[in-house]
Amino acid sequence: MEIEILSMLQKIRTPLLDIFMSNITKLGNAGIVWILLTIVLLLIPKTRKSGLILAAALIVDLILCNGILKPLIARIRPFDVNSAIQLIVAKPHDYSFPSGHTAASFTAVMALYLAGEKKLWKIALVLAVLIAFSRLYLYVHYPTDVLGGIITGAIAGYIGYKLTFIVQSKHRKKL
């Protein structure tokens, strides 16, 4: 069923969409867009708390997604199952489930939402949805990989948020 969904998406491919989706997915490579956003938030005193929450959440996501779930589940990627598809991006060399691009993106959305960044989380959500869709369009993830990434990201964002408050409350007690 999932291969059929990916095959349907291959029917909407155009040169312009290929370029757009390739560039959108690059924003999620190694979580770079979210790491850069974290740095910016940390540098601005007014948003430093949000930056700390986002940093903690992204670290939790890295451990949960890439350190635990991908090696544990060890799902091969769709382009390895259907080798007739010509990829327009470099082949990822890690496992497929969950989508790391999607997980990092939705980690950022959840962390920003919980941090109270009213406008920023909405912008992040639009970008997160585009990045998640690009992973399907580019044939590097199954739909359930993306769904798993959304769930993993939401959990990591929540844990990062909670961890930040636990650390802050312990720090206040020492003072």
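Numbers for residues simply follow the sequence, beginning at 1.
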Identify whether the distance between the nearest side-chain nitrogen and carboxylate oxygen of [X] and [Y] falls below 4.0 Å.
| X | Y | result |
| --- | --- | --- |
| Arg77 | Asp94 | yes |
| Arg135 | Asp145 | no |
| Glu4 | Lys11 | no |

- Pair Ile32-Leu36, side chain to side chain contact (heavy atoms under 4.5 Å, CB included): steps then yes or no: CA-CA 6 Å; Ile32 193 67; Leu36 291 173; 4.1 Å; yes
- Item | Step-by-step side chain to side chain contact (heavy atoms under 4.5 Å, CB included) determination, Ile24 to Leu127 | CA-CA 8 Å; Ile24 286 291; Leu127 183 56; 4.3 Å; yes
Does the [X] side chain pair with the main chain of [Y], one donor and one acceptor, at a distance under 3.5 Å?
| X | Y | answer |
| --- | --- | --- |
| His141 | Ser96 | yes |
| Lys70 | Tyr95 | yes |
| Thr47 | Ile44 | yes |

Can you see which heavy atom on [X] is nearest to which on [Y], and at what distance?
| X | Y | result |
| --- | --- | --- |
| Gly51 | Thr38 | O-CG2, 3.5 Å |
| Ala56 | Thr164 | CB-OG1, 3.7 Å |
| Pro98 | Leu69 | CD-CB, 3.6 Å |
| Leu87 | Leu138 | CD2-O, 3.3 Å |
| Ile68 | Pro71 | O-CD, 3.4 Å |
| Pro78 | Tyr142 | CA-OH, 3.4 Å |

Please report the interatomic distance [atom1]([X]) to [atom2]([Y]), rounded to the nearest 0.5 Å.
| X | Y | atom1 | atom2 | value |
| --- | --- | --- | --- | --- |
| Ile85 | Asp80 | CD1 | CG | 12.5 Å |
| Leu37 | Leu120 | CG | CG | 5.5 Å |
| Leu6 | Phe79 | CG | CZ | 12.0 Å |
| Asn23 | Asp18 | CG | CG | 11.0 Å |
| Lys119 | Leu112 | NZ | CG | 14.5 Å |
| Ile5 | Met1 | CD1 | CE | 4.5 Å |

In terms of hydrophobic clusters joined by side-chain contacts under 4.5 Å, are [X] and [Y] together?
| X | Y | answer |
| --- | --- | --- |
| Tyr158 | Leu125 | yes |
| Trp121 | Val60 | no |
| Leu163 | Leu58 | no |
| Val33 | Ile59 | no |
| Tyr113 | Ile131 | yes |

- Item | Contact check, side chains of Val140 and Ser99, non-hydrogen atoms, under 4.5 Å |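 Val140 does not reach Ser99 side chain to side chain.
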- Query: Under 4.5 Å between any side-chain heavy atoms of Leu130 and Thr25, yes or no?
  - Reply: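 Answer no - side chains too far apart.
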- On the 0 to 90° scale, with breaks at 30° and 60°, tag the Tyr161-Phe165 ring pair as parallel, tilted or perpendicular.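 The rings of Tyr161 and Phe165 stand perpendicular, inter-plane angle above 60°.
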I'd like to know whether [atom1] of [X] has more than 12 heavy-atom contacts from other residues, nucleotides or ligands below 6.0 angstrom.
| X | atom1 | answer |
| --- | --- | --- |
| Tyr139 | OH | yes |
| Phe133 | CZ | yes |
| Leu43 | CG | yes |

- Task: Could you verify whether a donor N or O on one side chain and an acceptor N or O on the other, from Glu2 and Thr144, lie under 3.5 Å apart?
- Result: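 Yes, a side-chain donor-acceptor pair sits under 3.5 Å.
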- Trp34 versus Ser105, side-chain donor and acceptor atoms under 3.5 Å: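 Yes, Trp34 and Ser105 have a side-chain donor paired with an acceptor closer than 3.5 Å.
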